[in-house]
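Model, not experiment: these values are computed from the prediction. Residue numbers start from 1 in every chain, and the chains themselves are labelled A, B, ... in the order their sequence lines are given, proteins ahead of strands.
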Amino acid sequence: KAGVTQTPRYLIKTRGQQVTLSCSPISGHRSVSWYQQTPGQGLQFLFEYFSETQRNKGNFPGRFSGRQFSNSRSEMNVSTLELGDSALYLCASSFSQGAGETQYFGPGTRLLVL
Amino acid sequence: QKEVEQNSGPLSVPEGAIASLNCTYSDRGSQSFFWYRQYSGKSPELIMSIYSNGDKEDGRFTAQLNKASQYVSLLIRDSQPSDSATYLCAVVPSGSARQLTFGSGTQLTVLP
(Lines give C-alpha, C1' and ligand atoms only; values in the text may rest on other atoms or scores of the structure.)
Protein backbone atom coordinates (compact mmCIF):
# COMPACT_ATOMS: atom_id res chain seq x y z
CA LYS A 1 0.00 0.00 0.00
CA ALA A 2 1.39 3.38 -0.94
CA GLY A 3 2.34 5.67 1.90
CA VAL A 4 1.40 9.25 2.58
CA THR A 5 2.43 11.55 -0.24
CA GLN A 6 3.05 15.28 -0.05
CA THR A 7 3.57 17.82 -2.79
CA PRO A 8 5.60 19.77 -3.44
CA ARG A 9 8.64 18.46 -1.60
CA TYR A 10 10.48 21.75 -1.63
CA LEU A 11 9.26 25.29 -1.95
CA ILE A 12 10.85 28.73 -1.85
CA LYS A 13 8.65 31.77 -1.31
CA THR A 14 9.13 35.38 -0.32
CA ARG A 15 7.58 37.23 2.60
CA GLY A 16 4.00 38.24 2.05
CA GLN A 17 3.22 35.51 -0.45
CA GLN A 18 0.88 32.63 0.20
CA VAL A 19 1.46 28.92 -0.25
CA THR A 20 -0.67 25.79 -0.59
CA LEU A 21 0.64 22.37 0.35
CA SER A 22 -1.02 19.11 -0.58
CA CYS A 23 -1.26 15.75 1.19
CA SER A 24 -2.67 12.45 -0.02
CA PRO A 25 -3.22 9.99 2.84
CA ILE A 26 -2.72 6.25 2.79
CA SER A 27 -5.56 4.61 0.90
CA GLY A 28 -8.47 4.03 3.26
CA HIS A 29 -7.27 6.51 5.86
CA ARG A 30 -9.77 9.21 6.66
CA SER A 31 -7.94 11.31 9.22
CA VAL A 32 -5.26 13.77 8.16
CA SER A 33 -3.19 15.85 10.56
CA TRP A 34 -0.67 18.56 9.82
CA TYR A 35 2.45 19.39 11.81
CA GLN A 36 5.16 22.03 11.59
CA GLN A 37 8.73 21.14 12.46
CA THR A 38 11.39 23.76 13.14
CA PRO A 39 14.77 23.48 14.87
CA GLY A 40 13.66 25.86 17.60
CA GLN A 41 10.13 24.68 18.34
CA GLY A 42 10.32 21.05 17.30
CA LEU A 43 7.24 19.27 16.01
CA GLN A 44 4.03 21.18 16.63
CA PHE A 45 0.47 20.22 15.79
CA LEU A 46 -1.35 22.48 13.33
CA PHE A 47 -4.76 20.88 12.75
CA GLU A 48 -6.57 17.66 12.03
CA TYR A 49 -9.29 16.82 9.54
CA PHE A 50 -11.67 13.91 9.50
CA SER A 51 -14.47 13.47 7.00
CA GLU A 52 -13.87 16.93 5.56
CA THR A 53 -14.28 18.60 8.99
CA GLN A 54 -11.61 20.22 11.09
CA ARG A 55 -11.70 18.32 14.39
CA ASN A 56 -8.83 19.87 16.26
CA LYS A 57 -6.61 22.91 15.92
CA GLY A 58 -3.25 23.78 17.41
CA ASN A 59 -2.02 27.13 18.61
CA PHE A 60 -1.20 28.78 15.30
CA PRO A 61 -2.43 32.10 13.87
CA GLY A 62 -5.32 32.27 11.47
CA ARG A 63 -2.89 32.63 8.56
CA PHE A 64 -2.65 28.85 8.72
CA SER A 65 -5.70 27.10 7.34
CA GLY A 66 -6.59 23.84 5.76
CA ARG A 67 -9.27 21.74 4.22
CA GLN A 68 -10.04 18.16 3.37
CA PHE A 69 -11.75 16.84 0.30
CA SER A 70 -14.23 13.98 -0.05
CA ASN A 71 -11.43 11.63 -1.14
CA SER A 72 -9.60 12.44 2.14
CA ARG A 73 -6.87 14.41 0.38
CA SER A 74 -5.98 17.52 2.31
CA GLU A 75 -4.46 20.90 1.64
CA MET A 76 -3.03 23.46 3.98
CA ASN A 77 -2.60 27.10 3.15
CA VAL A 78 -0.39 29.72 4.71
CA SER A 79 -1.15 33.32 3.80
CA THR A 80 1.06 36.37 4.21
CA LEU A 81 4.19 34.33 4.74
CA GLU A 82 6.69 35.36 7.38
CA LEU A 83 10.34 34.39 7.71
CA GLY A 84 9.44 32.31 10.75
CA ASP A 85 7.18 30.11 8.65
CA SER A 86 10.25 28.44 7.17
CA ALA A 87 9.90 24.86 8.31
CA LEU A 88 9.28 21.27 7.40
CA TYR A 89 5.53 20.74 7.09
CA LEU A 90 4.46 17.20 7.76
CA CYS A 91 1.21 15.50 7.02
CA ALA A 92 0.16 12.36 8.87
CA SER A 93 -2.74 10.05 8.19
CA SER A 94 -4.58 7.44 10.20
CA PHE A 95 -7.46 5.10 9.57
CA SER A 96 -9.98 6.52 11.96
CA GLN A 97 -10.45 9.12 14.61
CA GLY A 98 -9.52 7.01 17.61
CA ALA A 99 -7.04 8.67 19.93
CA GLY A 100 -4.88 5.57 19.96
CA GLU A 101 -4.69 5.30 16.20
CA THR A 102 -1.18 5.32 14.82
CA GLN A 103 -0.38 8.27 12.61
CA TYR A 104 1.86 7.69 9.62
CA PHE A 105 3.88 10.59 8.34
CA GLY A 106 4.54 11.66 4.78
CA PRO A 107 7.95 12.85 3.56
CA GLY A 108 7.11 16.46 4.26
CA THR A 109 7.28 19.72 2.37
CA ARG A 110 10.29 21.87 3.16
CA LEU A 111 9.31 25.54 2.91
CA LEU A 112 11.86 28.32 2.82
CA VAL A 113 10.62 31.89 3.15
CA LEU A 114 13.03 34.59 1.99
CA GLN B 1 6.65 23.43 31.69
CA LYS B 2 6.79 21.42 28.48
CA GLU B 3 4.17 18.72 28.24
CA VAL B 4 6.61 16.08 27.00
CA GLU B 5 10.22 16.10 28.12
CA GLN B 6 13.11 14.17 26.67
CA ASN B 7 16.83 14.31 27.29
CA SER B 8 18.07 16.13 24.23
CA GLY B 9 21.37 14.26 24.23
CA PRO B 10 23.34 13.65 22.24
CA LEU B 11 23.54 10.09 23.47
CA SER B 12 26.39 7.95 22.23
CA VAL B 13 26.63 4.20 22.67
CA PRO B 14 29.02 1.64 21.19
CA GLU B 15 27.76 -0.82 18.62
CA GLY B 16 26.14 -3.81 20.28
CA ALA B 17 25.27 -1.96 23.47
CA ILE B 18 21.81 -1.14 24.85
CA ALA B 19 20.60 2.40 24.21
CA SER B 20 18.10 3.75 26.72
CA LEU B 21 15.89 6.69 25.80
CA ASN B 22 13.61 8.35 28.32
CA CYS B 23 10.53 10.51 28.22
CA THR B 24 8.27 12.07 30.84
CA TYR B 25 4.89 13.68 30.30
CA SER B 26 2.81 16.07 32.34
CA ASP B 27 -0.78 15.04 31.56
CA ARG B 28 -1.70 12.19 33.90
CA GLY B 29 -4.73 11.37 31.76
CA SER B 30 -2.70 10.57 28.65
CA GLN B 31 -3.52 7.15 27.23
CA SER B 32 -1.53 6.76 24.01
CA PHE B 33 2.23 6.86 23.64
CA PHE B 34 4.43 6.53 20.60
CA TRP B 35 8.11 6.42 19.70
CA TYR B 36 9.17 7.73 16.32
CA ARG B 37 12.60 7.66 14.72
CA GLN B 38 13.71 10.50 12.48
CA TYR B 39 16.80 10.37 10.34
CA SER B 40 18.37 13.67 9.39
CA GLY B 41 16.40 15.31 6.60
CA LYS B 42 13.65 12.69 6.71
CA SER B 43 10.19 12.47 8.24
CA PRO B 44 9.34 10.63 11.49
CA GLU B 45 8.92 6.88 11.21
CA LEU B 46 6.90 4.94 13.79
CA ILE B 47 8.87 2.46 15.90
CA MET B 48 6.50 1.53 18.70
CA SER B 49 3.16 2.36 20.22
CA ILE B 50 2.24 1.52 23.80
CA TYR B 51 -0.99 2.02 25.71
CA SER B 52 -0.76 -0.13 28.87
CA ASN B 53 1.63 -0.16 31.80
CA GLY B 54 4.54 -2.53 31.40
CA ASP B 55 6.81 -3.58 28.59
CA LYS B 56 6.15 -4.09 24.91
CA GLU B 57 8.78 -5.75 22.78
CA ASP B 58 9.26 -5.68 19.02
CA GLY B 59 12.48 -7.15 17.78
CA ARG B 60 15.39 -5.20 19.23
CA PHE B 61 13.08 -2.52 20.58
CA THR B 62 11.30 -2.50 23.94
CA ALA B 63 8.97 0.25 25.06
CA GLN B 64 8.22 0.63 28.75
CA LEU B 65 5.32 2.60 30.21
CA ASN B 66 4.72 3.60 33.81
CA LYS B 67 1.63 5.77 34.04
CA ALA B 68 1.96 6.27 37.80
CA SER B 69 5.35 7.86 37.27
CA GLN B 70 4.29 9.45 33.96
CA TYR B 71 7.29 7.92 32.30
CA VAL B 72 7.84 6.10 29.03
CA SER B 73 11.11 4.72 27.75
CA LEU B 74 12.57 2.99 24.73
CA LEU B 75 15.34 0.43 24.91
CA ILE B 76 17.29 -0.53 21.83
CA ARG B 77 19.22 -3.76 22.24
CA ASP B 78 22.25 -4.68 20.13
CA SER B 79 22.45 -1.12 18.84
CA GLN B 80 23.62 -0.72 15.26
CA PRO B 81 25.12 2.29 13.49
CA SER B 82 21.94 2.38 11.40
CA ASP B 83 20.05 3.18 14.61
CA SER B 84 21.78 6.57 14.72
CA ALA B 85 18.92 9.06 14.48
CA THR B 86 16.75 11.36 16.56
CA TYR B 87 14.14 9.54 18.61
CA LEU B 88 10.90 11.38 19.27
CA CYS B 89 8.51 10.57 22.09
CA ALA B 90 4.90 11.48 21.30
CA VAL B 91 1.90 11.51 23.61
CA VAL B 92 -1.81 12.03 23.02
CA PRO B 93 -2.93 14.11 26.02
CA SER B 94 -6.39 13.56 27.45
CA GLY B 95 -9.14 15.43 25.70
CA SER B 96 -7.03 16.33 22.70
CA ALA B 97 -8.43 13.78 20.30
CA ARG B 98 -5.71 12.97 17.81
CA GLN B 99 -3.23 15.70 18.55
CA LEU B 100 0.24 14.24 19.03
CA THR B 101 2.40 16.24 21.42
CA PHE B 102 6.07 15.62 20.80
CA GLY B 103 9.14 15.89 22.94
CA SER B 104 12.14 17.70 21.54
CA GLY B 105 13.81 14.41 20.66
CA THR B 106 16.96 12.60 21.72
CA GLN B 107 19.80 12.36 19.23
CA LEU B 108 21.36 8.92 19.34
CA THR B 109 24.73 8.03 17.82
CA VAL B 110 25.85 4.42 17.69
CA LEU B 111 29.61 4.23 17.34
CA PRO B 112 31.05 1.38 15.23
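Interface remark: A/Gln37 contributes side-chain atoms only to the contact with chain B (heavy atom separation under 4.5 Å). Using a 4.5 Å cut-off between heavy atoms, B/Leu46 touches chain A through its side chain atoms alone. Using a 4.5 Å cut-off between heavy atoms, B/Glu45 does not touch chain A at all.
Ion pairing between a basic and an acidic side chain is recognised when a charged N comes within 4.0 Å of a carboxylate O; A/Arg55 and A/Glu48 show no such pairing. Taking 4.0 Å as the cut-off between side-chain N and carboxylate O, A/Glu101 and A/Arg30 do not count as a salt-bridged pair.
Among residue pairs with one or both ends in residues 3-24 of chain A, none qualify as salt bridge (charged side-chain N to carboxylate O under 4.0 Å, His left out); sequence neighbours excluded. Residue pairs meeting the disulfide bond (SG atoms under 2.5 Å apart) criterion with at least one member in residues 26-83 of chain A, sequence neighbours excluded, do not occur.
B/Phe33 and B/Leu75 fall into different hydrophobic clusters, defined by Ile, Leu, Val, Met, Phe, Trp and Tyr side-chain heavy atoms under 4.5 Å apart, directly or through other members.
The heavy-atom pair separating A/Ser51 from A/Gln68 by the smallest distance is N-OE1, 3.2 Å.
When each of A/Tyr35, A/Phe47, A/Tyr104 is checked for heavy-atom pairs under 4.5 Å with chain B, A/Tyr35 comes out on top.
For B/Arg60, the side-chain contact (heavy atoms from CB on, under 4.5 Å) criterion is met by B/Ile76, B/Asp78, B/Gln80, B/Asp83, not counting sequence neighbours.
For residues 79-90 of chain A, the interface with chain B (any heavy-atom pair closer than 4.5 Å) comprises A/Leu88, A/Leu90, sorted by residue number.
Distance alone, capped at 3.5 Å, is enough to place a donor-acceptor pair between the A/Tyr49 side chain and the A/Gly66 backbone.
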